[in-house]
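Presented below is the structure to which this report refers.
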Amino acid sequence: MNQPVKTSVLHHTGVITLDRPKALNSLNHEMVRLIAAALDEWRDDAAVEQVIIHSSGKHFCAGGDVRAARDGVVEGRAEEVDAYFAEEYAMNLDISTYPKPYTALASGVIMGGGLGVSAHGSHLVVTEDAFASMPEMSIGFITDVGMSHRLQNLPKHPSAALGTFLALTGYRLSADDMLATGLATHKVASLDGLVERIAAEGLGVLDEVALEAGESELAGFFDAVEGVFVGSWPEISQRLDSAPPELAQLVEKLTAQASPSALVASSELMVANSSLDLAQSLENERALGAVMSREPDFAEGVRAVLIDKTNDANFAAAPEPEHYRRVLRHVG
Ligand code: QUE
């Protein structure tokens, strides 16, 4: 009845509709299970030739249900929270290896877990007003849902430094930024009727309705981040002192409210995952996420940003990078 994810088959297209608009479609455990079940069912169903995921309401998806995750940890059910993240990450991997076209249609907010269900597919179609961000550093968590890998391997600008910049700052990519990096494949004026048209006519309609790419602000930072956003957060932080002032000031502004521990942890994660594949990267996210969710900054960050909305988090001092490095797998 009140299912937060609706699924249907239209012609030969499996359609997944995120339908919890009051919570900006943030993904709870039930939603992760419903999406995973639909993908399972359609994987070997010859009547389903492709999958589309979209949302009811203006916003695609604001992330994972981190409030519920915080409640779980605070109430002593951290293992349940671990299981939720493990299932979400398994679904992210399923999407990346899906044997049929997987297309996300997104407008408005695409954050955190919303990228996890859109950025690993074959097509990501965004409207002019869409923006994408990984803002976990402001809630004491890490760049997860496979984005610690994806952001370093963007199709049109693969770069560990760019990925680390995006992961540590929560920079909001505009639709044109998404096109410039290849995170998005198409920009359109409106998503109205697009599910039906793709289902009836195929993905070729996307090339018919796609808008020309505009200027990307992020592209203006591609060169500046190289050589700066590499290594541990203390190293990056030090290099920013002698980086171009436009970059240094932007990073200062975007990380002003960040958890110092999350910056240290996410930079270690990015280094470890720079030479790993998506499956291994997700495993590192899972291991590090289990550490982070139990540290006080996660409960405090979710309180300040999402529950009280006071943005007055009292974060702990950051530990040495080794505190997080020790749970991560490295290669090379
Ligand atoms: C970091 C996050 C999330 C966030 C903000 C951050 C996140 C998330 C939401 C969110 C936003 C609006 C809602 C909601 C959740 O915000 O994961 O239910 O109505 O889900 O800085 O990781």
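As a basis for the values below, the full set of heavy atoms in this structure was taken, side chains included, without hydrogen atoms, waters or symmetry mates. As the structure lists them, so they are numbered: ligands from 1, and atoms in each ligand from 1. Please read all numbers here as calculations on a predicted model, not as lab measurements.
- In this model, a donor atom of one side chain and an acceptor atom of the other lie less than 3.5 Å apart for Asp129 and Thr127.
- Of all atoms in ligand 1, numbered sequentially from 1 with element shown, those under 4.0 Å from a heavy atom of Val66 are 7 (C), 17 (O).
- In this structure, atom 3 (C) of ligand 1 lies nearest to the protein heavy atom Ala62 O, 4.1 Å.
- The contact set between ligand 1 and Met111, taken as ligand atoms under 4.0 Å from a residue heavy atom, comprises 4 (C), 16 (O).
- Close contacts of ligand 1 with Ser138, meaning ligand atoms under 4.0 Å from a residue heavy atom, involve 21 (O).
- Checked by atom type, the side-chain pair Ser26/Asp65 shows no donor-acceptor distance below 3.5 Å.
- Salt-bridge check for Arg286 with Asp144: failed, with every basic side-chain N at 4.0 Å or more from each acidic carboxylate O.
- Residue contacts with ligand 1 for Pro135 involve both N, CA, C or O and side-chain atoms from C-beta outward (heavy atoms, distance under 4.0 Å).
- Between the side chain of Gln152 and the main chain of Ser148, a donor-acceptor pair closer than 3.5 Å is present.
- Using modelled atom types and a 3.5 Å distance limit, the side chains of His59 and Ser107 yield no donor-acceptor pair.
- Residue contacts with ligand 1, taken as heavy atom pairs separated by less than 4.0 Å, do not involve Val109 at all.
- Between the side chains of His11 and Glu201, no donor-acceptor pair of N or O atoms lies under 3.5 Å.
- Hydrophobic clustering places Leu93 together with Leu151 (ILVMFWY residues linked when any side-chain heavy atoms are closer than 4.5 Å, directly or through intermediates).
- The Leu24 neighbourhood of ligand 1 comprises atoms 12 (C), 19 (O), with distances under 4.0 Å to a heavy atom of that residue.
- With respect to atom 18 (O) of ligand 1, the closest heavy atom belonging to the protein is Ser26 OG, 3.1 Å.
- When hydrogens are left out, the protein atom nearest atom 16 (O) of ligand 1 is Leu306 CD2, 3.4 Å; that is the closest non-hydrogen contact.
- Among protein heavy atoms, the minimum distance from atom 2 (C) of ligand 1 is reached at Ile139 CD1, 3.6 Å.
- Here Arg294 pairs with Asp82 in a salt bridge; the nearest charged N to carboxylate O distance falls below 4.0 Å.
- Here the shortest heavy-atom pairing between Tyr102 and Ile53 reads OH-CG2, 3.4 Å.
- Not one N or O of Lys22 is nearer than 3.5 Å to an N or O of ligand 1, by distance alone.
- In the vicinity of Gly63, heavy-atom distances shorter than 4.0 Å reach the ligand 1 atoms 17 (O), 20 (O).
- Nearest to atom 13 (C) of ligand 1 among the protein's heavy atoms is Ala23 O, 3.8 Å.
- Within ligand 1, the atoms closer than 4.0 Å to a non-hydrogen atom of Gly64 are 8 (C), 17 (O), 20 (O), numbered from 1 in the order shown.
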